[in-house]
Amino acid sequence: MKKVKTIWLLMLLIVPLFLLGGCESVTTRANTQDTWSRIQRRKRVVIGLDDSFVPMGYRQKNGKLVGYDIDLAKAVFKQYGIKADFQTIDWSMKETELKNGTIDLLWNGYSINSSREKKVAFSRPYLANRQVLVTKRSSHINGLSGMTGKALGVQNGSTGAAVLDEKPRLLKDKIKGKSAVLYDTFPDAFIDLNANRIQGILMDEVYADYYVQHQKNRNAYKVYVSKKLPVEYFGVGMRKGDKTLRNKINRGLGNLQKDGQLRKINEKWFGRDSNFLGPDNYRQ
């Protein structure tokens, strides 16, 4: 019996060490291995995304995958003769999927921040995003101060909801009841805005621009941008070892900016001629 117990104790000690070693090898490989030659051989790169993020990457009613990031990724890899394949993933597990090699890239309105930079490498920023206030022009609300005593809507769990709590003096202390109306989706919020049950929505600029641009009565809305509201940048996320892939993406984005394709893609999805692209040496 003592011998059996000893064996079990050894197993309990060895198995966790074995699993830890496996995790370390996966992390080490992700941080050191350059996979560009493998991508070139198979002529295919796998991009992970949440296929419900309008307008960055989402499925139409017929199931077709479309979006700003879809067009941009295809245009970048077309330059290298490589097909961009898109794989729907659990977005909460995105960095794990990347590290394990299930996907090669995260390209889906992926915001650059210091927390994520500890886990992945980022391309140069290719799109600026910020929180904006959307109102009906008929309400004659001019800026954040115009929301005093008015009802404001935000999506539950969104950046906008976080901004309200982090910087209450900007809006939260001004709005009706000092509390926003929470919505599961932005379309639900727009229904109430159109019915005048709320007078403003705090939301992502990329979504606001897309929604307003695709309304028949687009002039009925006003998108207010304030320097007091935070700005963030979207980038392509990849394993830290993929330095060649990073350089290829940065160069490809730069080429799209030079030949005007980036401008055309921005106009298609956001209805404006923005041609923003961050510096090539951003966060090397």
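Everything quoted here is computed from the prediction, not taken from an experiment. Residues: numbered from 1 along the sequence shown.
The side chain to side chain contact (heavy atoms under 4.5 Å, CB included) test applied to Lys228 returns Leu170, Ser226, not counting sequence neighbours. Checked against side chain to side chain donor-acceptor pair (under 3.5 Å), Lys172 has the following partners two or more places apart in sequence or in another chain: Asp165. For Thr102, the side chain to side chain donor-acceptor pair (under 3.5 Å) test picks out Glu97, with sequence neighbours left out. Listed by chain and number, the residues in a salt bridge (charged side-chain N to carboxylate O under 4.0 Å, His left out) with Arg197 are Asp192 (sequence neighbours excluded). For Asp85, the side chain to side chain contact (heavy atoms under 4.5 Å, CB included) partners at least two apart in sequence or on another chain are Arg44, Lys83. Under the side chain to side chain contact (heavy atoms under 4.5 Å, CB included) criterion, Ala162 pairs with Glu166, not counting sequence neighbours. Residues satisfying the side chain to side chain contact (heavy atoms under 4.5 Å, CB included) criterion with Val132, sequence neighbours excluded, are Arg130, Val134, Met203, Glu205, Ala208, Val223, Val225. When the salt bridge (charged side-chain N to carboxylate O under 4.0 Å, His left out) test is applied to Arg169, no partner is found at least two apart in sequence or on another chain. Taking the ring-ring contact (aromatic ring centres under 6.0 Å, His included) definition, one finds that Tyr211 meets it with Phe190, sequence neighbours left out. With sequence neighbours excluded, the residues satisfying ring-ring contact (aromatic ring centres under 6.0 Å, His included) with Tyr207 are Phe186.
Screening residues 32-52 for ring pair (Phe, Tyr, Trp, His ring centres under 6.0 Å), with sequence neighbours left out, gives Trp36-Tyr80.
Gln79 and Asn255 share a side-chain donor-acceptor pair at under 3.5 Å.
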Does the salt bridge (Lys or Arg N to Asp or Glu O under 4.0 Å) test come out yes or no for Asp34 and Lys243, once each step is laid out? CA-CA 6 Å; Asp34 192 314; Lys243 295 180 180 179; over 6 Å; no

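Side-chain heavy-atom separations under 4.5 angstrom define the hydrophobic clusters, and Met93 shares its cluster with no other residue.
A distance of 5.0 Å separates OG1 in Thr35 from CZ in Arg38, rounded to the nearest 0.5 Å. Remark: Ser145 OG to Met147 CE distance equals 10.5 Å, nearest 0.5 Å.
Residues Leu164 and Leu202 have side chains in contact (heavy-atom distance under 4.5 Å, counting atoms from C-beta outward). A 4.5 Å side-chain heavy-atom check between Ile103 and Ile47 finds every atom pair outside the cut-off. Between Gln155 and Asp188 there is no side-chain heavy-atom pair separated by less than 4.5 Å. At least one side-chain heavy atom of Tyr210 sits under 4.5 Å from a side-chain heavy atom of Val54. Between Tyr183 and Ile198, the closest side-chain pair of non-hydrogen atoms falls below 4.5 Å.
One finds no salt bridge joining Asp71 and Lys74 here, because no Lys/Arg side-chain nitrogen approaches an Asp/Glu carboxylate oxygen to under 4.0 Å.
Note: the hydrophobic cluster containing Leu229 also contains Ile141 (ILVMFWY, side chain heavy atoms under 4.5 Å, direct or indirect links).
Around the NZ atom of Lys176, the shell of radius 6.0 Å holds no more than 12 heavy atoms that belong to other residues, nucleotides or ligands.
Put simply, the residue from Asp50, Leu105, Val120, Asp69 that forms a side chain to side chain contact (heavy atoms under 4.5 Å, CB included) with Tyr110 is Val120.
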